[in-house]
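Take a look at the structure set out below.
Keep in mind that what you see is a predicted model, and the values were worked out from it rather than measured.
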Amino acid sequence: RDLESSTPLLHREPYSPRKTITTILSCITAAAILLSLITLLNTKHEADHHPPDVAFPMSRGVFEGVSEKSTASLIGSAARFPWTDAMLQWQRTGFHFQPEKNWMNDPDGPMFYKGWYHIFYQYNPVSAVWGNITWGHAVSRNLIHWFHLPIAFFPDQWYDARGALTGSATFLPDGSIAMLYTGITTEFVQVQCQVYPEDVDDPLLLKWYKSDANPILVPPPGIGSKDFRDPTTAWYDVAEASWKLAIGSKDEQHNGISLIYRTYDFVSYELLPILLHAVPGTGMWECVDFYPVLTNSTVGLDTSVPPGPGVRHVLKASLDDDKHDYYAIGTYDVVSGTWTPDDVEADVGIGWRYDYGKFYASKTFFDWPKGRRVLFGFTGETDSEQNNRLKGWASVLPIPRTILFDQKTGSNLLLWPVEEVERLRFNRQDFENIDIGIGAVVPLDIGRAIQLDIVAEFEIDGATLEASVEADLGYNCSTSGGTFGRGVLGPFGFLVLSDEDLSEQTAIYFYVGRKVDGALQTFFCQDELRSSKANDLVKRVFGSIVPVLHGEILTMRILLDHSIVESFAQGGRTCITSRIYPTKAFDGAARVFVFNNATGAKVTAKSIKIWQMKSASITPYPFKA
């Protein structure tokens with residue numbers, strides 16, 4: 001198959017004078033009806049003296065002082081697709097965590113406690129759109145199969161009446177838990193609050209009570225009332241015998257900043273006169289995270305491990321300006337209380353991201369039984385609020401990921417799905433040494449193709465690499481046009497959630513180009529532009545450069561679960577997450593292909609392993625009557 005000819009960009013019908021006249025008359029009639037409706041609506045508006053309720057506003061959350069939670073401004077005035085119930089219900093995932101119904105966003109306070117993994121999350125108990133934010137709660141033995149628990153706590157006090165926002169858990173030396181979170185007051189001021197478990201002997205931590213001292217922190221001078229949120233897990237300073245925690249904000253010059261507070265008892269807090277870090281022009285920092293990593297080991301570290309030989313510190317911020325999670329690796333100076341990036345050109349907000357797709361508001365925790373650091377993120381919907389209401393739910397948590405320092409490159413992190421997800425694998429199928437000719441699309445006969453784990457290795461013919469000498473300047477996944485942006489050495493990779501005739505397809509691919517100095521540069525991209533016939537969606541091309549060292553083969557892994565696609569290149573150096581809403585390529589019609597749309601590259605899929613994936617058990621906790 002030829003990739004371009006299989007997906008025509010334009011379809012023209014023969015010219016018909018009679019049809020043209022009919023169309024003009026129809027337009028005149030429609031315009032007259034529309035004018036009458038507008039007049040009627042204006043008359044009613046003037047009589048009522050106030051605008052009618054808007055079921056689907058252009059913005060949610062921004063007025064309250066949080067990041068935008070509506071896709072309306074991105075979708076614009078696109079005509080609504082005639083979605084069927086079968087299409088909408090198919091979108092619910094099989095092995096990713098979701099509440100039983102309604103809206104979910106940021107993960108909060110992840111921890112391991114008395115045999116259970118706990119995840120809390122922002123939750124609207126009454127609707128599938130953002131609002132009424134409470135703390136949902138679930139537990140798991142293995143980060144894959146989950147039990148829903150009752151809501152942990154509600155926004156029922158003046159200091160959190162407009163929402164109980166993101167928070168983090170800190171384990172104290174006596175084994176107790178201090179959970180800090182951001183509340184929005186009745187006057188829309190962001191303040192920091194504290195809750196404690198009522199029964200520390202309860203492994204499920206079902207009941208929580210709010211501190212009588214709430215709010216424990218209010219915005220300090222120079223910080224906006226809506227720019228003070230998302231406290232981190234605290235870390236212990238041995239020299240001072242104190243605890244420190246960071247809170248994200250921005251200053252009057254729109255610089256992203258991280259404030260530092262000190263406490264000795266989690267009762268009284270002191271704002272330190274220095275910032276942990278600041279980056280000019282990056283805007284509001286949400287969901288700041290700060291933790292150590294080992295540069296010479298695959299073992300994770302507790303948040304309180306101090307700087308030392310082989311220890312670096314990661315600073316991460318979720319940027320409200322562009323809704324991406326950025327991180328940088330650097331050095332934490334305990335004496336000054338500041339953090340410095342190893343590479344100022346790759347500082348927070350301008351360098352590395354955890355994920356180059358739809359992935360935000362993430363939070364890590366130290367999983368001490370397994371000696372690893374685990375990342376939770378949030379992946380929202382990119383369809384319309386109207387569809388979310390019809391489905392009755394919105395948002396997904398990506399599969400939790402482990403975080404390691406990349407000892408080979410020495411410059412970035414490796415993010416990889418937790419090993420427990422592999423327990424869902426079954427019915428493995430192997431393909432080897434598939435030659436993918438220029439412009440070719442090769443089907444992979446694997447049967448059902450909606451819950452998959454794909455691991456693959458690709459190789460470009462050596463002679464092809466040597467022959468390609470022209471520099472490929474200015475390539476960018478997001479502006480490339482996706483798979484139609486052809487070069488000598490790319491794109492090539494997978495098409496998933498594709499129908500048989502390729503009219504719908506989601507592409508995950510490599511694109512290799514040469515820099516001015518002749519060195520090769522590899523991009524890893526994910527193209528949603530032709531993922532759906534519907535236009536009442538946000539469809540983009542995501543991706544970035546992925547480091548590929550000399551002698552390394554190109555590798556990728558794809559976790560496909562209905563409407564979410566998570567992709568990982570080169571062992572997790574670059575990750576991309578997408579939400580996909582096909583109108584044809586769903587359920588039994590979904591197919592998988594490998595393709596090569598390069599103009600001069602001979603590409604071989606050296607190895608492809610594809611597993612079907614079982615659904616996870618995600619059910620209410622079986623409380624005994």
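- At least one side-chain heavy atom of Thr522 sits less than 4.5 Å from a side-chain heavy atom of Leu554.
- Counting only heavy atoms from C-beta outward, the side chains of Leu204 and Trp116 approach each other to under 4.5 Å.
- If you check the side chains of Tyr356 and Gln526, you find no donor sitting under 3.5 Å from an acceptor.
- Separation of the Tyr475 and Phe523 ring centroids falls under the 6.0 Å cut-off.
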Listed pairs under 3.5 Å, donor-acceptor, residues 438-458 side chains, sequence neighbours left out:
from	atom 1	to	atom 2	distance (Å)
Arg448	NH1	Asp587	OD1	3.4
Arg448	NH2	Asp587	OD1	3.2
Gln451	OE1	His562	NE2	3.0
Gln451	OE1	Ser615	OG	3.4
Gln451	NE2	Met613	O	2.8
Gln451	NE2	Ser615	OG	3.4
Asp453	OD1	Arg557	NE	3.0
Asp453	OD2	Arg425	NE	2.9
Asp453	OD2	Arg425	NH2	3.1
Asp453	OD2	Arg557	NH2	2.7

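- A salt bridge links Glu420 with Arg372; the closest basic N to acidic carboxylate O contact falls under 4.0 Å.
- In this structure, Phe595 has its ring center no closer than 6.0 Å to that of Phe593.
- The shortest distance between side-chain heavy atoms of Asp325 and Phe359 falls below 4.5 Å.
- Look at Lys533 and Glu504 and you find no salt bridge, because none of the NZ, NE, NH1 or NH2 atoms lies under 4.0 Å from a carboxylate O.
- With respect to the salt-bridge test (charged N to carboxylate O, under 4.0 angstrom), the residues Asp499 and Lys584 qualify.
- Using a cutoff of 4.0 Å between basic side-chain nitrogens and carboxylate oxygens, Glu500 and Arg591 are scored as salt-bridged.
- Salt bridge status for Glu528 with Arg579: absent, with no side-chain N to carboxylate O gap under 4.0 Å.
- Checked by atom type, the side-chain pair Tyr117/Asp367 shows a donor-acceptor distance below 3.5 Å.
- In plain terms, the two heavy atoms of Thr364 and Arg373 that are nearest each other are OG1-NH1, 2.9 Å.
- Ile75 and Asn535 get closest at one heavy-atom pair: CG2-O, 4.4 Å.
- Classification of Asp527 and Arg540 as a salt-bridged pair fails, no side-chain N sitting under 4.0 Å from a carboxylate O.
- A cation-pi arrangement is found for Arg530 relative to Phe484, the charged atom lying closer than 6.0 Å to the ring centre and inside a 45° cone about the ring normal.
- Arg428 has a carboxylate O that lies under 4.0 Å from a charged side-chain N of Asp430, or vice versa, which qualifies the two as a salt bridge.
- Note: Phe120 and His137 have parallel aromatic rings, judged against thresholds of 30 and 60 degrees for the angle between ring planes.
- Under the 3.5 Å distance criterion, with hydrogens and angles disregarded, a donor-acceptor pair is assigned to the side chains of Trp83 and Asp536.
- The pair Lys370-Glu419 meets the salt-bridge criterion, with a side-chain N (NZ, NE, NH1 or NH2) lying under 4.0 Å from an Asp/Glu carboxylate O.
- Less than 6.0 angstrom separates the ring centroid of Phe568 from the ring centroid of Trp416.
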